[in-house]
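Quick notes on the structure that follows.
Counting starts at 1 for both ligands and their atoms, following the listed order.
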Amino acid sequence: MSGADLAAALLAEHFEVREGELRIGGVAVSELAQRFGTPLFAYDAAVMRRSYRRLREALQGFAAIHYSVKANPAVPVIALFLEEGAGVEIASIGEYRRARAAGARPEKILFAGPGKRKAELEEAIAGGVGEIHVESFEEITRLEAIGAALGKTLAVALRVNPVAAVQGGAMRMGGKPSAFGFDEESLDDVLAALAACPHLDLVGLHLFAGTQVLDAGVLLAQWGHGLALAREVSQRIGRQLSTVDLGGGLGIPYFQGDAALDLTAIAAGVPALARTVPTGTRVVVEPGRYLAGPAGVYVMAVNAIKRSRGQTFIVTDGGMHHHLAASGNLGQVIKRDYPILAPTRIGDPAAPPVSVVGPLCTPLDTLGRSVALPAVEVDALIAVLQSGAYGPTASPGGFLSHPAPAELLVEGGVPTVLGD
Ligand SMILES: Cc1ncc(COP(=O)(O)O)c(C=O)c1O
């Protein structure tokens, strides 16, 4: 599938196109650009709801969903997933405050993260939190001291960095040195440390094996391994765990050749896993990207069109300072193009491929290297799809001091401006 084919498939799956123009949440993209200016991020609430509902259906009878707030921490976005019935997974006190502002009840909040500070733990515990995922011996000591000072027993889950088990030949999980959680090999020491803490109650296990997994078989194998590990921990501590959190990591197609995660295969695989879960144990998955990513569109306007030594550069008013991931600089090994299109010219024939770049004074600020667009003029709109997760809050917004983009959640024809 070419980049243009992927863009067309994503449009067909998620969005309405009327007379060659993309509509987001029932509003034409040109109207959003006119009213709110460019560059902007627009999130289609209906697409978020659909992604959530599809996943919920696939996981029915197996796992509950906690939205991973880091993917898109806007309070109305968190509120949308809570309204759909999700819990949340947070990894900082800022995310905790956002989740509470969105209406999350304490018991719906899982608090992960490899370096939680004492003040963060104290605030979350004082405000109420479901489970805290312990990730270091220091954290165990810190939490025990907080529990002792309060005269309270705190519910904790153990985050484990799994061994590189190979199941079905395609297991891409853990096994590497990592700052996240405790190595599976060190379980004896960790369980002993926890057992020595009268104010900590080990109620859960948490695994997060990796992000952007598109292969249903790999995910199912990872989940199976997590459940087996939970049984082992439960046996060692002589009681049942109330929660097993299998992590996020459900991928979405970004690049030419990516195939969407096969939810039918997931749905077909989960009953066998569900049969291994003891009654009374709640299984959780905590995806971010899968729920928020497809709903977001980054909309920019063309500022200049340059030709340099045979190559055409479309210089836009948006770039890596708002959307680092699309520029290929957010941890990608190989830089490839996100799906990019001219959202008011859908269906127009493509001109020869162009590069789409931003306004920053660095070649890193390239959003598309070989993009099939119609021949566009200055002020035309350019859009990057799959932009609802790890967008502005995962980008170096201060770099070159350009203004922040507008962010909108659009539902039923009504845009809501997102802000702090
Ligand atoms: C602990 C934890 N949970 C959930 C997520 C969400 O991952 P994704 O957006 O790939 O589902 C992350 C991402 O880094 C994470 O670290």
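- The proximity of R159 to ligand 1, defined as any non-hydrogen pair under 4.0 Å, is limited to the side chain.
- Looking at atom 1 (C) of ligand 1, its nearest protein heavy atom turns out to be E286 OE2, 3.4 Å.
- Residue H206 has no N or O atom closer than 3.5 Å to an N or O atom of ligand 1.
- When G248, S68, A389 are checked for heavy-atom proximity to atom 6 (C) of ligand 1, S68 turns out nearest.
- The closest approach between A71 and ligand 1 stays at or above 4.0 Å for every heavy atom of the residue.
- Atoms of ligand 1 lying under 4.0 Å from any heavy atom of P287, numbered from 1 in the order shown and given with element: 11 (O).
- Closest to atom 9 (O) of ligand 1, if we only count protein heavy atoms, is Y390 OH, 2.6 Å.
- In the displayed structure, K118 atom NZ is contacted under 6.0 Å by at most 12 heavy atoms of other residues, nucleotides or ligands.
- Residue-ligand proximity: F208 is placed with a non-hydrogen atom under 4.0 Å from ligand 1.
- Within the 4.5 Å cutoff, side-chain heavy atoms of Y290 are placed close to those of L263.
- Using a 4.0 Å heavy-atom cutoff, K70 is listed among the residues neighbouring ligand 1.
- Applying the 6.0 Å contact sphere to CZ of R54 captures more than 12 heavy atoms from other residues, nucleotides or ligands.
- Near R289, meaning under 4.0 Å from any of its heavy atoms, are these atoms of ligand 1: 8 (P), 9 (O), 10 (O), 11 (O).
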